[in-house]
Undergrad: 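Take this structure first; my questions come after.
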There are 2 protein chains.
Amino acid sequence: MNGTTRIFQDYLKANRLKLTSQRKLILDIFISGSQLLTAEELFRQVSGIDPGISLSTVYRTFKHLQQAGLARCVHYGDGTTRYEPSDGQKSYLVCEKCGKKIPIINPYLECLQQESARQEGFRMFRSRTTIYGLCHECLKEHMPCQPQDATQH
Amino acid sequence: MNGTTRIFQDYLKANRLKLTSQRKLILDIFISGSQLLTAEELFRQVSGIDPGISLSTVYRTFKHLQQAGLARCVHYGDGTTRYEPSDGQKSYLVCEKCGKKIPIINPYLECLQQESARQEGFRMFRSRTTIYGLCHECLKEHMPCQPQDATQH
DNA sequence: CTTAATGCAAATGATTTGCAAATTA
DNA sequence: TAATTTGCAAATCATTTGCATTAAG
C-alpha cells in the first residue's frame, strides 16, 4: 500500500467514513493515471473496471480526496475541470538579517501557483517560493528606517 | 482616458467591434474596483448605474476583456469564478524539459505571500517564486509515457 | 445492527445561445 | 444603411442532491 492510499485511509478513519470498493477503485485509478482527468474521463475509466459505479460517486469521492489533501481540481480556460494529485510545493520565509528560514503552508498559495501554471499551458510538478524579508525579531531592531521596495521588481 | 481603456478601444477597433455604452460602463467598473468580482457581483454594480444592462452582456464583455488581455478569470475552490485585471507581479514558470522561462503575472499570488509573511510576523521585501513543470509544447511530446512522479515529492 | 455510501433521477446554478429589436459606425 | 450588440428567455452542461436501497464497520 502506497503513501497516498494510507493517507486516504487515515482520512477516512479520522472522519468515520467507510472505505468502499468504489472509493478504493477511484483512488487507485486517480493516483496511477499519468494525466489529468476530467470527472467524466475518470468515470469512464472506472466504469471500464466496475461498470456499476456512478458519476455521482466519482464526484463525491473527489471531494474527499480534496479534503484529504490528495487532490486538487484545476479549471481550464476551455471550460474543463481536471483533478490532479497534489504534489510537493514548498514555500519559505527567509530573514535577510539573521538567515532564519521558516517553512510556510498556505494551500491558497499553492492553488494560485497551480492556477498560474495552468493558465500558461504549464503542467506544474513542484514549486519553490522564497519570501525574503525580516523576521519579527530582526524587525524590532531594524524598524527606524524602511528598507522597502528598493529590491522589488 | 487611462491605458486600460485605450487598450480596450484598440482591441475593439482592431476587431471591428463597437464601443457601446454597456461595454464602457462594464470596463470602467471592472478596472476601478478594488476587489475581484464575480460576474454576478459586477452585474449588480453595473445595474446600480444602468439598470438596463443584462447579465449576458456582462459575460460577453468579459470574454472580450480576456481576449484583449485585460482580464483573466480565476476559479476558486469554493466554486466561484472571479475576474481580475491582469497587471502586476512576476514569478516564473520554468520548463524542466526545454528550460523555457515564463514570467507569470498574478497579483493574488503576491497578495497571499504578503499575507503569509504577515502571519509569521515577517515583513516581506520581495519574493521569488519558481514553478517547475512542463510547458505546453514539451507536455505534448511527453504525453505517450508518463513523466510523472519521478520528480514528485 | 447502526451508520454511512450508493445509484438513480431530478434539481441546481452558472454560463451560453437564438432571435427580434435597438444601437453604433 | 449595414453590421453588430443588446436583452430576454430558453437551452446547456457540469455538478449536486433527495431518497430508497445496499454495504461497511
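Letters go in sequence order (proteins before strands), and every chain restarts at 1.
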Undergrad: Are any side-chain N or O atoms of A:E41 and backbone N or O atoms of A:T38, one a donor and one an acceptor, separated by less than 3.5 Å?
TA: yes
Undergrad: Rounded to the nearest Å, what distance is computed from the NE2 atom of residue B:H64 to the P atom of nucleotide D:dT4?
TA: 11 Å
Undergrad: Throw together a table of side-chain donor-acceptor distances under 3.5 angstrom for residues 42-50 of chain A, partners on residues two or more places apart or in other chains.
TA:
| residue | atom | partner | partner atom | Å |
| --- | --- | --- | --- | --- |
| A:S47 | OG | A:F43 | O | 2.7 |
| A:D50 | OD1 | A:G52 | N | 2.8 |

Undergrad: Of the nucleotides D:dT15, D:dG7, C:dA4, which one has an atom closest to the side chain of B:I53?
TA: D:dG7
Undergrad: Just compare D:dT16, D:dG7, C:dT15 and give me whichever is closest to any side-chain atom of B:S54.
TA: D:dG7
Undergrad: Please enumerate all residues that pass side chain to side chain donor-acceptor pair (under 3.5 Å) together with A:S116, with sequence neighbours excluded.
TA: B:N106
Undergrad: To the nearest angstrom, how far is A:Y59 atom OH from C:dG13 atom C1'?
TA: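 Interatomic distance, OH of A:Y59 to C1' of C:dG13: 14 Å.
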Undergrad: Expressed in angstrom and rounded to an integer, what is the separation of B:L65 atom CG from C:dT15 atom P?
TA: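 Spelled out: CG on B:L65 to P on C:dT15 is 15 Å.
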Undergrad: Among residues at least two apart in sequence or on other chains, which ones pass side chain to side chain donor-acceptor pair (under 3.5 Å) with A:E40?
TA: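 Result, side chain to side chain donor-acceptor pair (under 3.5 Å) vs A:E40: none returned.
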Undergrad: Under the salt bridge (charged side-chain N to carboxylate O under 4.0 Å, His left out) test, which residues partner B:R118, sequence neighbours left out?
TA: B:E115
Undergrad: Answer whether the closest heavy-atom distance between the side chains of A:F8 and A:L65 falls below 4.5 Å.
TA: yes
Undergrad: Among all residues two or more places apart in sequence or in another chain, which pass the salt bridge (charged side-chain N to carboxylate O under 4.0 Å, His left out) test with A:D28?
TA: none
Undergrad: When rounded to the nearest 0.5 angstrom, what distance separates OG1 in A:T4 from CD1 in A:I31?
TA: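 Here the interatomic distance stands at 5.0 Å.
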Undergrad: Just how far is it from atom NZ of A:K63 to atom CD of A:Q66, taken to the nearest 0.5 Å?
TA: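 Rounded to the nearest 0.5 Å, the NZ-CD separation comes to 8.5 Å.
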Undergrad: Going by the rule side-chain contact (heavy atoms from CB on, under 4.5 Å), which residues pair with A:S54 if we only count those two or more places apart in sequence or in a different chain?
TA: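 For A:S54, the residues satisfying side-chain contact (heavy atoms from CB on, under 4.5 Å) (neighbours in sequence not counted) are A:S56, A:T57.
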Undergrad: Specify the separation, in whole Å, of atom CD of A:E41 and atom P of D:dC13.
TA: 16 Å
Undergrad: To the nearest Å, give me how far apart CG (A:L55) and P (D:dT16) are.
TA: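 Atom-to-atom, A:L55 to D:dT16, this comes out as 10 Å.
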Undergrad: For DNA chain C, find the residues of residues 7-16 of chain A with a heavy-atom distance under 4.0 Å and give them by number; none if there aren't any.
TA: A:R16
Undergrad: Toward the 5' end of DNA chain C, which comes first, B:L17 or B:K63, by nearest nucleotide?
TA: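 The answer here is B:K63.
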Undergrad: Side-chain N or O of A:T57 less than 4.0 angstrom from OP1 or OP2 on C:dA5?
TA: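 Indeed not, no polar side-chain atom of A:T57 lies that close.
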Undergrad: Angle between the two end axes of the helix from C:dC1-D:dG25 to C:dA25-D:dT1, five base pairs per end, rounded to 10 degrees?
TA: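 Rounded to the nearest 10 degrees, the bend comes out at 50°.
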Undergrad: Protein within reach of the bases, or only the backbone? For nucleotides 18-24 of chain D, mark each nucleotide 5' to 3' as B, S or -, using heavy atoms under 4.0 Å.
TA: B----BB
Undergrad: Table please: side-chain donor-acceptor pairs of residues 15-27 of chain A below 3.5 Å, with sequence neighbours left out.
TA:
| residue | atom | partner | partner atom | Å |
| --- | --- | --- | --- | --- |
| A:N15 | ND2 | A:Y11 | O | 2.7 |
| A:T20 | OG1 | A:R23 | N | 3.2 |
| A:R23 | NH1 | A:K18 | O | 2.7 |

Undergrad: Distance check, rounded to the nearest 0.5 Å: A:L70 atom CG versus A:T5 atom OG1?
TA: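 Result: 9.0 Å between the selected atoms.
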Undergrad: Provide, to the nearest angstrom, the distance between the CZ atom belonging to B:R23 and the P atom belonging to D:dG7.
TA: 11 Å
Undergrad: Rounded to whole angstroms, how far apart are CD on B:Q66 and C1' on C:dT15?
TA: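 Between C1' of C:dT15 and CD of B:Q66: 12 Å.
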Undergrad: Please report the distance, rounded to the nearest Å, between CG in B:L25 and P in C:dT23.
TA: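 Rounded to whole Å, this separation is 16 Å.
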